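Each remark here refers to the structure printed beneath this line.
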Amino acid sequence: MRKSIKKAMALSLAAVMAVSLAACGGSSAGGSSAGGNSAGGSSEGGSSDGGSGDEKVELKFSWWGGDSRHEATEKAVEAFMAKYPNITVTTEYGAWSGWEEKQALNIMGGNAADVMQVNWNWIESYSGNGTNFANLEDYSDVLDLTQFPSESLELCKADGKLMAVPVALTGRLFYWNKTTFDEVGVAIPTDEASLFAAGEAFKAYDEDYYPLAIGEYDRMIFLVYYLESVYGKPWVQDNQIQYTAEEIAGGMEFIKKLEDGHVIPTLAVINGDMADSLDKNAKWIDGKYAGILEWDSSASKFEQAIKESTNKPGQEFVIGEFIKFGDHDGGFTKISMGLAVAATSAHPKEAAMLINFLLNDPEGIEICSTERGIPCSAAAVAVLDEKGLGNALVKEANAKVLAFSKFPLDTKFEHNDLKANPDGVYYKVFGKFSAGDTDAAKAAEDLMKGINECLGN
């Protein structure tokens with residue numbers, strides 16, 4: 001799989017480099033239906049807080065997310081440009097689908113945005129062992145690194161260089177549409193028995209309704225959560241899978257049991273809904289899919305989607321309990337994302353200033369709030385607490401998941417060779433298994449083979 005990704009990058013590299021000069025000039029970035037671009041005007045004038053004076057500076061800033069994150073970040077960028085009128089920031093943003101592949105090509109082609117929102121695993125996958133991103137410790141005069149936990153900063157290093165600043169810590173937990181559960185007349189699940197009871201009740205109510213919806217990558221996370229709950233072992237440790245083929249096959253059989261029990265729709269059903277992501281799926285928006293397993297830093301877009309439904313407005317979105325499948329607390333936490341500066345940036349100091357504004361400056365903190373989760377920055381936490389800001393649901397969820405999930409996440413778990421849609425190992429394995437093209441044993445074998453290849457075993 002890594003060979004296929006590299007081949008794709010090689011084939012696209014010439015095209016990427018051909019347009020790199022135009023893109024680096026601050027022109028509008030290509031947008032999708034979920035994306036957008038903006039450029040603020042610049043004017044003469046000085047700046048405070050270590051700014052770049054009267055020199056005209058142009059930066060490009062890229063990120064992915066939902067609509068509420070886009071809106072908040074655009075406002076924060078506008079506030080940054082007002083504070084530093086000599087700096088113009090052009091923005092590029094969109095949904096997650098296809099985002100990593102696009103940004104990987106930009107990084108490899110030397111066409112990356114000056115400031116990038118990056119997944120934690122990108123540091124290992126795309127930093128070129130400390131060469132593709134700027135060492136942010138070189139800009140500590142304008143980026144206050146003392147606000148971040150030292151252990152979180154260490155996790156963002158490659159070859160001893162700080163490749164990104166950690167934005168937040170996050171984990172996955174269950175969320176439910178309480179309105180739908182009340183309509184169906186069944187309790188929100190807390191254990192295996194109540195989960196299957198909900199499946200039966202939803203099927204009896206309407207066969208288009210399901211208590212839980214999980215896609216290919218979600219199924220991988222669910223599988224690990226289930227296995228860790230049952231066996232109490234981390235998924236990968238010291239670069240080795242800690243589970244036997246038989247144990248993994250048992251987890252795959254449990255997922256098939258969820259489909260058979262009408263707890264989750266098959267992947268054919270979900271993909272047939274023709275939605276780019278679950279929060280934009282009409283069945284989620286209108287309450288037919290009534291549960292998700294999602295990052296606490298991303299849940300607000302799901303809440304917003306159902307509350308703004310035109311067919312069923314005002315639905316109630318609630319945090320659930322961690323479903324008990326065994327004697328252990330399954331699941332893991334991770335650095336949700338970071339902000340990095342491209343090594344090719346012509347203005348790395350000003351790029352670092354933008355990061356500092358978003359994460360440490362009271363004005364930027366107030367605007368961005370908890371759109372990227374509960375911040376790692378101590379300054380940000382203090383501002384949010386003092387002013388009573390932030391999504392209460394995100395705060396509650398973050399505290400809950402950090403208290404519950406203690407297993408580590410291995411650095412390759414989110415590697416693009418594994419989680420890319422549609423060619424990643426997770427998508428292929430769970431897609432074939434859900435379609436009935438493989439049995440549990442073969443699915444476990446294929447999953448282990450693909451992961452071991454990615455781990456270099």
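Just so it is clear, the model here is predicted, and its values are computed rather than measured. Just so it is clear, the values below take in all heavy atoms, side chains as well, and ignore hydrogens, waters and symmetry mates. The first residue of the sequence shown is numbered 1, and numbering continues consecutively from there.
With sequence neighbours excluded, the residues that form a side chain to side chain contact (heavy atoms under 4.5 Å, CB included) with Ala134 are Tyr139, Val341. In this view, Gln117 and Arg372 satisfy the side-chain hydrogen bond (donor to acceptor under 3.5 Å, both in side chains) rule, not counting sequence neighbours. Residues passing the side chain to side chain contact (heavy atoms under 4.5 Å, CB included) test with Asn121 are Glu100, Asn119, Ser125, Glu414, sequence neighbours excluded. Residues forming a ring-ring contact (aromatic ring centres under 6.0 Å, His included) with Phe332 (at least two apart in sequence, or on another chain): Phe413. Under the ring-ring contact (aromatic ring centres under 6.0 Å, His included) criterion, Phe148 pairs with no residue at all, not counting sequence neighbours. With sequence neighbours excluded, no residue satisfies side-chain hydrogen bond (donor to acceptor under 3.5 Å, both in side chains) with Trp99. Residues passing the side chain to side chain contact (heavy atoms under 4.5 Å, CB included) test with Ala305 are Trp284, Ile285, sequence neighbours excluded. Listed by chain and residue number, nothing satisfies the ring-ring contact (aromatic ring centres under 6.0 Å, His included) test with Tyr289 (two or more places apart in sequence, or in another chain). Judged as a ring-ring contact (aromatic ring centres under 6.0 Å, His included), and not counting sequence neighbours, Phe433 has no contacts. Applying the side chain to side chain contact (heavy atoms under 4.5 Å, CB included) rule to Asp182 yields the partners Lys178; only residues at least two apart in sequence or on another chain are considered.
Within the model, atoms OG of Ser300 and CG of Asp67 stand 10.5 Å from one another, a figure rounded to the nearest 0.5 Å. With values rounded to the nearest 0.5 angstrom, Leu354 atom CG is found 4.5 Å from Leu358 atom CG. Expressed to the nearest 0.5 Å, how far NZ of Lys56 lies from CG of Asn86 amounts to 7.5 Å. If you take CE on Met163 and CD on Glu137, they are separated by 9.0 Å, rounding to the nearest 0.5 Å. In this structure, the separation between CD on Glu71 and SG on Cys368 is 12.5 Å, given to the nearest 0.5 Å. Here CE of Met353 is found 4.5 Å from OH of Tyr84. Values are rounded to the nearest 0.5 Å.
Among residue pairs with one or both ends in residues 142-152, none qualify as salt bridge (charged side-chain N to carboxylate O under 4.0 Å, His left out); sequence neighbours excluded.
Under 3.5 Å, the side chains of Glu58 and Thr88 contain no donor-acceptor pair of N or O atoms. Side-chain polar atoms of Ser377 and Asn360 form a donor-acceptor pair below 3.5 angstrom.
The six-membered or imidazole ring of Phe317 lies away from that of Phe302, with a centre-to-centre distance of 6.0 Å or more. In this structure, Phe181 has its ring center under 6.0 Å from that of Trp176. Annotation: Phe133 is not in aromatic contact with Tyr126 [ring centroid separation under 6.0 Å not met]. Two rings, from Tyr426 and Phe430, have their centers 6.0 Å or more apart.
The minimum heavy-atom distance linking Leu359 with Ala380 is given by the pair O-CB, 3.6 Å. Of all non-hydrogen atoms in Gln315 and Ile306, the two that sit nearest each other are NE2-O, 3.1 Å. Nearest heavy-atom pair, Phe322 versus Phe174, reported as atom, atom and distance to 0.1 Å: CA-CD1, 4.4 Å. Between Ala342 and Ala113, the closest heavy-atom pair is CB-O, 3.3 Å. Leu293 approaches Leu212 most closely through the heavy-atom pair N-CD1, 4.3 Å. Of all heavy-atom pairs spanning Tyr210 and Val263, the tightest one is CB-O, 4.0 Å.
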Below 3.5 Å, can you tabulate the donor-acceptor pairs from side chains in residues 385-404 to any protein atom, sequence neighbours excluded?
| unit_1 | atom_1 | unit_2 | atom_2 | d |
| --- | --- | --- | --- | --- |
| Asn391 | OD1 | Leu393 | N | 2.8 |
| Asn391 | OD1 | Val394 | N | 3.1 |
| Lys395 | NZ | Leu389 | O | 2.5 |
| Asn398 | ND2 | Leu169 | O | 2.9 |
| Asn398 | ND2 | Asp296 | OD1 | 3.4 |
| Lys400 | NZ | Gly320 | O | 3.0 |
| Lys400 | NZ | Glu321 | OE2 | 3.3 |

Any chance you could lay out the salt bridge (charged side-chain N to carboxylate O under 4.0 Å, His left out) test for Glu303 and Lys307, step after step, and finish with the verdict?
CA-CA 6 Å; Glu303 179 183 28; Lys307 286 188 174 182; 3.1 Å; yes
Verdict with supporting geometry, Tyr93 and Thr91, side chain to side chain contact (heavy atoms under 4.5 Å, CB included)
CA-CA 7 Å; Tyr93 52 85; Thr91 64; 3.8 Å; yes
So Asp138 and Lys161, salt bridge (charged side-chain N to carboxylate O under 4.0 Å, His left out) or not? Walk me through it.
CA-CA 9 Å; Asp138 293 341; Lys161 303 169 187 174; over 6 Å; no
Trace of the side chain to side chain contact (heavy atoms under 4.5 Å, CB included) decision for Thr73 with Phe61
CA-CA 10 Å; Thr73 309; Phe61 177 24; 3.5 Å; yes
Between Asp286 and Lys312, is the salt bridge (charged side-chain N to carboxylate O under 4.0 Å, His left out) condition met? List the steps.
CA-CA 6 Å; Asp286 295 336; Lys312 191 188 290 186; over 6 Å; no
Start with the C-alpha gap between Lys334 and Trp295, add the side-chain angles, then the distance that decides, and say whether side chain to side chain contact (heavy atoms under 4.5 Å, CB included) holds.
CA-CA 10 Å; Lys334 66 159 190 166; Trp295 303 113; 3.7 Å; yes
Which is it for Met220 and Val429 under the side chain to side chain contact (heavy atoms under 4.5 Å, CB included) test, yes or no, and what are the steps along the way?
CA-CA 10 Å; Met220 183 62 204; Val429 169; over 6 Å; no
Walk me through it: do Glu259 and Arg219 pass the test salt bridge (charged side-chain N to carboxylate O under 4.0 Å, His left out)?
CA-CA 12 Å; Glu259 286 187 346; Arg219 290 175 186 226; 2.7 Å; yes
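Note that Lys102 lies outside the cation-pi zone of Trp64, set by a 6.0 Å cut-off to the ring centre and a 45° limit from the axis.
Ring pair Tyr205/Tyr209 is perpendicular by interplanar angle, where above 60° counts as perpendicular and below 30° as parallel.
The shortest side-chain heavy-atom distance between Val167 and Pro375 does not fall under the 4.5 Å cut-off. Side-chain contact between Leu258 and Leu195 is present, with heavy atoms from C-beta onward closer than 4.5 Å. Put simply, the side chain of Glu453 does not reach to within 4.5 Å of the side chain of Val425, judged on heavy atoms. Val115 is not listed as a side-chain neighbour of Trp63, based on a closest heavy-atom distance of 4.5 Å or more.
Remark: Glu228 does not engage Lys406 in a salt bridge, criterion side-chain N to carboxylate O under 4.0 Å.
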